Amino acid sequence: PPGTTWRFDFAPLPPMVGDRHVFVQNSGWAYAVPRTSRHQAVAWDIAKSMALNPEVMRKWLGITGALPALRALGATMTHPSLPKVRGLLEDGQWLGYIPVGAIDGVSGALVNNFYAVVEKQKTIEMALRDMQTTSNDLITRFRD
C-alpha cells in the first residue's frame, strides 16, 4: 500500500519432492451458506454470482492482488506478480474440505512437519506420512 516500506510478492520455491511442483493449497476466499439459513437458494445464488462471474472476479483480483480461482482468468490476469507463478497454478490442487473443529490441528500438522523437514528432524517421507495420518484422523473425528 502507498506509504508503507514493506513489499508483497509471489516467489516460486523449488520442488520439495522430485523435479515437478506437485502441491496442495488451502487458501483463498470462500463463501459459505449455513445449513440453517432460511434463504439458502438466494444466498447460494449471490455467492455463485460473485465467485463464478469472471468480470466480478477480475475486479476482485485487481483490488486484492489474489491469485485467480477461475482457470479462465489465469491466463488473462495482469497482476505484475502473476507471471512468476502462473506456470505452477496447474500443478496445484485444493487441499479439500476440513471441518471447523479440525482446522487448527490439520494446519499445525502441516506447518510443524514442514519445519521438521527444514530443520532435518524428519525425512520428507516421514513428514508427509505424519501430515496425512494426522490430517485424516482429525478430519474423520470432526466430520460434520
Side-chain angles (χ1 to χ4, degrees), residues 1 4 6-77 79-144:
T4 63
W6 55 273
R7 185 174 158 231
F8 173 80
D9 204 349
F10 294 104
L13 299 173
M16 288 186 67
V17 179
D19 59 357
R20 265 189 74 223
H21 287 287
V22 179
F23 61 95
V24 295
Q25 60 80 29
N26 190 36
S27 60
W29 299 93
Y31 301 105
V33 175
R35 289 184 184 148
T36 57
S37 172
R38 292 187 307 167
H39 305 285
Q40 280 191 357
V42 173
W44 278 119
D45 281 344
I46 293 169
K48 288 176 188 175
S49 73
M50 293 186 298
L52 299 178
N53 182 309
E55 289 310 310
V56 171
M57 275 283 97
R58 189 181 319 283
K59 185 174 180 180
W60 174 255
L61 297 170
I63 293 168
T64 64
L67 294 174
L70 296 175
R71 288 185 181 196
L73 292 179
T76 64
M77 293 305 298
H79 189 279
S81 296
L82 191 55
K84 295 177 184 177
V85 294
R86 182 176 280 130
L88 301 176
L89 297 179
E90 289 298 317
D91 293 328
Q93 295 180 26
W94 178 47
L95 183 62
Y97 172 72
I98 303 173
V100 172
I103 289 173
D104 287 342
V106 169
S107 297
L110 300 177
V111 170
N112 292 340
N113 278 287
F114 172 81
Y115 283 110
V117 170
V118 170
E119 295 168 357
K120 299 191 185 313
Q121 296 169 350
K122 288 185 178 181
T123 66
I124 291 172
E125 293 76 18
M126 291 167 55
L128 291 172
R129 189 171 40 253
D130 189 33
M131 287 177 189
Q132 184 174 20
T133 301
T134 302
S135 297
N136 287 342
D137 289 349
L138 287 165
I139 289 168
T140 300
R141 186 171 2 147
F142 289 98
R143 190 166 284 154
D144 295 329

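Just so you know, these numbers come straight off a predicted model, no measurement behind them.
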Taking every non-hydrogen atom, the tightest pair across [X] and [Y]:
X	Y	result
Met57	Met50	CE-O, 3.5 Å
Val117	Thr123	CG2-O, 3.7 Å
Val33	Ala43	CG2-CB, 3.6 Å

For this session: Kindly write out the residues that satisfy side chain to side chain donor-acceptor pair (under 3.5 Å) with Arg38, not counting sequence neighbours, or none if the list is empty.
Result: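 Partners of Arg38 by the side chain to side chain donor-acceptor pair (under 3.5 Å) criterion come out as none, since no residue qualifies.
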Exercise. Excluding sequence neighbours, so at least two apart, what forms side chain to side chain donor-acceptor pair (under 3.5 Å) with Glu125?
Worked result: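 Counting only residues at least two positions away or on another chain, Glu125 forms no side chain to side chain donor-acceptor pair (under 3.5 Å).
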Problem set entry | Inter-residue atom distance Lys59.NZ - Asn53.CG, 0.5 Å rounding |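 If we round to the nearest 0.5 Å, Lys59:NZ and Asn53:CG are 11.5 Å apart.
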With a cut-off of 3.5 Å and sequence neighbours excluded, list every side-chain donor-acceptor pair involving residues 15-22.
from	atom 1	to	atom 2	distance (Å)
Arg20	NH2	Asp91	OD1	3.1
His21	ND1	Leu13	O	3.4
His21	NE2	Leu13	O	3.1

Exercise. With Ala47, which residues qualify under side-chain contact (heavy atoms from CB on, under 4.5 Å), at least two apart?
Worked result: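 With neighbours one apart ignored, the set is Tyr31, Trp44.
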Exercise. Residues in side-chain contact (heavy atoms from CB on, under 4.5 Å) with Pro34, at least two apart?
Worked result: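 So Pro34 forms a side-chain contact (heavy atoms from CB on, under 4.5 Å) with Thr36, Ser37.
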Please output the side-chain donor-acceptor pairs of residues 126-135 that fall under 3.5 Å, not counting sequence neighbours, one pair per line with the distance.
from	atom 1	to	atom 2	distance (Å)
Asp130	OD1	Thr134	OG1	3.1
Asp130	OD2	Asn113	ND2	3.0
Asp130	OD2	Lys122	NZ	2.9
Thr133	OG1	Arg129	O	2.9
Thr134	OG1	Asp130	O	2.9
Ser135	OG	Met131	O	2.7

Exercise. Does the side chain of Phe114 come within less than 4.5 Å of Leu110's, by heavy atoms?
Worked result: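 Side-chain contact under 4.5 Å: no.
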For this session: Test Pro99 against every option in Ile139, Thr140, Leu138 by the side chain to side chain contact (heavy atoms under 4.5 Å, CB included) rule and name the one that passes.
Result: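 That would be Ile139; it is the only one of Ile139, Thr140, Leu138 passing the side chain to side chain contact (heavy atoms under 4.5 Å, CB included) with Pro99.
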Exercise. Got more than 12 heavy atoms from elsewhere within 6.0 Å of CG, Asp137?
Worked result: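 Yes.
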